[in-house]
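The structure under discussion appears below in the form of structure tokens.
Everything quoted here is computed from the prediction, not taken from an experiment.
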Amino acid sequence: MGTAIEKNKQKAVGQNLKFDIPILARHGINLDDFHADTMLMSYVLNSTATRHGMDKLAEFYLNYTTVKYKEITGTASKQINFSAVQIDIASNYAAEDADITLRLFNKLNGLLKDKPTQLKLLKEIEYPLVHVLSNIEMNGAKVDKNKLADHSEELSKKIEDLSKQAFKIAGEEFNLDSPKQLLVVLYEKLKLPILKKTPKGQPSTNEETLQRLAEEYEIPKVILQYRTLAKLKSTYTDSLIRIENPSTKRIHTSFQQAVTSTGRLSSTEPNLQNIPIKTAEGRRIREAFVPEKGNVLISADYSQIELRIMAHLSKDKNLTHAFNNNLDVHSATAAEVFSVSLDNVTQEHRRSAKAINFGLMYGMSAFGLTRQLDIPRAEAQKYLDTYFERYTGVKDYMENIKAKAKEDMFVETIMGRRLYLNEINAANGLRRQAAERAAINAPLQGSAADIIKKAMIDINGFLNKEMPEVKMIMQVHDELIFETPKNISEEVLLLMKNMMEDAVKLDIPLIAEAAIGINWNEAH
DNA sequence: CATGTCACG
DNA sequence: ACGTACGTGACATGA
């Protein structure tokens with residue numbers, strides 16, 4: 001059996017096939033393989049040249065203006081269903097889609113012909129990943145709606161109470177959700193000092209500013225609490241309840257595979273990659289992510305993957321040594337930078353070293369470290385100088401990557417994914433420096449993305465074949481979450497951990513940390 | 001539709 | 001003198 005499209009699947013060419021796969025599936029067509037996806041061809045060629053939707057690709061690569069969906073269905077209140085569009089107009093639109101996709105394929109295929117590395121990335125990573133992401137999206141994640149609703153109710157009460165407190169101090173009622181109204185109250189009525197302005201020159205009311213004002217004034221504290229809780233309610237508790245699929249009773253995110261400049265995925269409607277974790281109140285949201293009865297959740301995340309990649313790419317002896325000996329890398333850095341023995345590293349040392357390690361991967365300056373650690377500029381400079389004395393490989397790597405970026409106009413990940421940096425030689429110093437920071441960060445963030453994608457492909461292949469009762473349900477950049485029957489969970493944990501650690505072979509070991517729980521918070 | 005803010009890695 | 005740490009997405013306001 002099998003339809004014509006199934007029989008010829010190795011010749012199938014599409015634009016964003018992840019979108020088409022479940023639709024075809026609903027009509028009994030199983031597209032488990034395909035020849036090419038123009039969206040991903042464009043993404044691998046140049047992640048930032050253009051957006052990778054068909055309309056933009058047609059403009060960019062074919063200089064052709066497509067008929068827009070909204071032109072034939074109308075917008076907003078006047079919008080009609082595609083099935084209600086007049087048949088000749090609908091067929092013309094659909095035919096154009098197919099025509100343009102094939103023309104894009106021919107064009108992009110020509111551009112990729114002499115680029116074996118990008119072709120390999122496309123065929124070995126991005127194409128296989130389409131099916132993995134499709135699986136994860138269809139699996140979905142279960143949430144405890146009652147738990148979320150109770151939490152929402154509780155938040156409502158606290159939010160109302162905090163508003164009243166704020167209004168009392170302000171001496172008037174206003175919209176706390178409006179930064180514009182808030183700044184009038186804070187800076188004009190109550191005459192608090194303006195410590196920081198927004199990019200547009202407006203006095204800022206952001207968290208950092210309010211935190212500093214809170215040392216001396218009462219109302220910023222109340223507003224900070226209000227903001228935290230209002231955010232949790234609007235973005236998480238309320239919206240997760242609303243977005244549950246009524247037929248599957250689960251939450252189905254959509255992964256974007258051609259959005260980020262570095263090769264990471266992103267997640268939309270809902271975004272499952274920014275579920276709170278940093279505060280206790282926030283972690284209650286994670287407690288609402290639960291398994292079906294009889295199942296448990298497993299979370300497995302790569303330990304310090306970007307720093308490990310920095311050790312691999314820079315070949316720095318000191319950093320490599322730390323990972324080869326499974327040291328706590330921030331403590332090891334603290335020992336070097338503050339010239340103390342590992343045993344004498346304090347929590348404060350470690351905290352500073354952690355800020356240095358993270359800052360370095362973002363191309364941070366001494367000034368940035370000053371702000372982060374709230375220390376004098378000279379001291380921050382001293383820390384960085386000492387760091388680069390002890391980690392000369394890292395220093396050379398940073399300098400070399402910037403120089404190479406200026407020459408090539410792009411940087412690459414371990415799998416040859418390129419990020420073009422158009423402003424790396426810009427005359428505007430601010431823009432040039434921003435590009436230099438991106439040059440440092442992209443190979444680290446992007447290689448980490450390459451690695452977890454490879455792990456996902458390996459794991460999905462294994463699970464579909466050997467353990468179809470185990471579901472991969474989320475990816476959060478360096479973390480994978482699985483739902484598995486409880487009775488095999490210990491075995492699954494070890495298998496997943498090992499497959500993540502073995503996804504690629506680097507000069508340093510990769511470590512994945514995994515745990516089992518009855519909700520996401522407990523598993524993490 | 002831009003702006004400000006804040007949730008995550 | 002200025003701005004100063006990478007990459008995302010969602011929500012609310014207000015023009």
Side-chain angles (χ1 to χ4, degrees), chain A residues 47-48 174-183 196-211 223-224 226-240 242-243 253-256 259-279 281-283 285-286 301-307 310 355-373 377 380 384 411 419 421 428-446 448-449 452 474-480 524:
Chain A
S47 61
T48 55
F174 62 101
N175 189 342
L176 274 167
D177 293 325
S178 165
K180 204 162 180 185
Q181 293 183 33
L182 178 60
L183 82 85
K196 193 184 154 201
K197 294 196 173 179
T198 67
K200 292 283 166 195
Q202 187 176 266
S204 175
T205 68
N206 73 7
E207 188 187 341
E208 187 204 332
T209 311
L210 294 180
Q211 209 75 261
I223 294 161
L224 280 167
Y226 172 90
R227 283 246 180 96
T228 305
L229 302 187
K231 176 86 174 184
L232 288 180
K233 182 167 150 62
S234 68
T235 308
Y236 301 104
T237 56
D238 288 354
S239 74
L240 286 173
R242 219 179 312 123
I243 207 160
T253 188
S254 174
F255 283 107
Q256 309 303 311
V259 164
T260 72
S261 59
T262 57
R264 270 190 179 181
L265 300 174
S266 80
S267 158
T268 58
E269 285 182 298
N271 181 354
L272 291 184
Q273 295 182 320
N274 72 346
I275 303 300
I277 190 169
K278 288 172 185 167
T279 66
E281 185 80 36
R283 276 196 294 276
I285 312 274
R286 289 198 173 214
D301 67 283
Y302 282 112
S303 163
Q304 307 294 352
I305 188 164
E306 292 184 14
L307 270 176
M310 188 155 90
I356 293 170
N357 279 331
F358 273 94
L360 282 166
M361 294 191 291
Y362 299 147
M364 186 182 60
S365 63
F367 183 86
L369 190 61
T370 289
R371 287 184 40 155
Q372 190 66 32
L373 294 180
R377 178 87 170 255
L384 288 183
V411 290
L419 171 59
L421 296 158
N428 180 320
L430 286 181
R431 287 169 175 238
R432 189 178 61 247
Q433 283 164 26
E436 287 171 1
R437 293 194 294 269
I440 289 170
N441 182 260
L444 307 175
Q445 186 182 122
I452 197 165
M474 286 189 264
Q475 189 256 37
V476 191
H477 309 307
D478 64 355
E479 173 187 16
L480 297 174
H524 188 84

Classify [X] by what it touches in the nucleic acid, base, sugar-phosphate, or nothing, heavy-atom distance under 4.0 Å.
| X | result |
| --- | --- |
| A:L265 | nothing |
| A:D301 | nothing |
| A:N271 | sugar-phosphate |
| A:K200 | sugar-phosphate |
| A:Q445 | base |
| A:R227 | sugar-phosphate |
| A:I277 | sugar-phosphate |
| A:S239 | sugar-phosphate |
| A:R264 | base |

To the nearest angstrom, how far is [X] atom [atom1] from [N] atom [atom2]?
| X | N | atom1 | atom2 | answer |
| --- | --- | --- | --- | --- |
| A:M364 | C:dG7 | CE | C1' | 17 Å |
| A:L232 | C:dA12 | CG | P | 13 Å |
| A:R377 | C:dT4 | CZ | C1' | 9 Å |
| A:L421 | C:dC6 | CG | P | 13 Å |
| A:K231 | C:dA12 | NZ | P | 10 Å |
| A:K196 | C:dT4 | NZ | P | 8 Å |
| A:K197 | C:dT4 | NZ | C1' | 18 Å |
| A:M474 | C:dG9 | CE | P | 18 Å |

Over all atoms of both residues, closest heavy-atom pair of A:R227 and A:L182: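 Reported closest heavy-atom pair: NH2-CD2, 3.3 Å.
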Go nucleotide by nucleotide along DNA chain C from the 5' end; which of A:Q433 and A:R437 gets its closest nucleotide reached first?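 Comparing both residues, the 5'-ward one is A:Q433.
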Phosphate contact ([N] OP1 or OP2) by [X] side-chain N/O below 4.0 Å:
| X | N | result |
| --- | --- | --- |
| A:Q181 | C:dG14 | yes |
| A:N175 | C:dA12 | no |
| A:S178 | C:dG14 | yes |

Interatomic spacing from [atom1] in [X] to [atom2] in [Y] - rounded to 0.5 Å:
| X | Y | atom1 | atom2 | value |
| --- | --- | --- | --- | --- |
| A:Y236 | A:D238 | OH | CG | 13.0 Å |
| A:L265 | A:I452 | CG | CD1 | 8.5 Å |
| A:T205 | A:I223 | OG1 | CD1 | 7.5 Å |

Strictly distance-based, threshold 3.5 Å: is any side-chain N or O of A:S239 a donor or acceptor partner for the main-chain N or O of A:R242?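 No, A:S239 side chain to A:R242 backbone: no donor-acceptor pair under 3.5 Å.
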Is it the case that the side chain of A:T48 and the backbone of A:S261 share a donor-acceptor pair, with hydrogens and angles ignored and the cut-off at 3.5 Å?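 No; judged by distance alone, with no hydrogens or angles, the pair does not exist.
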Across all strands shown, which nucleotide pairs with C:dA1 by Watson-Crick or G-U wobble geometry, both distances under 3.5 Å?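 Pairing partner: none.
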Counting only Watson-Crick pairs (N1-N3 plus N6-O4 or O6-N4) and G-U wobbles (N1-O2, O6-N3), all under 3.5 Å, who is the partner of C:dC11?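 Check on C:dC11: paired to B:dG4, both distances under 3.5 Å.
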As a test of reading the structure: which of [options] is closest to the side chain of [X], going by heavy atoms?
| X | options | value |
| --- | --- | --- |
| A:D177 | C:dA12, C:dG3, C:dG14 | C:dA12 |
| A:S266 | C:dG7, C:dG9, C:dA15 | C:dG9 |
| A:T268 | C:dT13, C:dA10, C:dA15 | C:dA10 |

Nucleotides bounding contact with chain A, strand DNA chain B, heavy-atom threshold 4.0 Å: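 Boundary nucleotides touching chain A, in 5' to 3' order, are B:dT3 to B:dG9.
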For A:F255 and A:Q273, what are the C-alpha separation, side-chain angles and deciding distance, and is it a side chain to side chain contact (heavy atoms under 4.5 Å, CB included)? CA-CA 10 Å; A:F255 283 107; A:Q273 295 182 320; 4.0 Å; yes
A side-chain contact here means heavy atoms from C-beta on lying under 4.5 Å apart; do A:E306 and A:D478 qualify?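 Not in contact.
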As a quick check of understanding, evaluate salt bridge (Lys or Arg N to Asp or Glu O under 4.0 Å) for A:R371 and A:E208, giving each step before the final call. CA-CA 11 Å; A:R371 287 184 40 155; A:E208 187 204 332; 3.5 Å; yes
What interatomic distance, in whole Å, is found between P of B:dG4 and the corresponding atom of C:dT4?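 After rounding to an integer number of Å, I get 13 Å for this pair.
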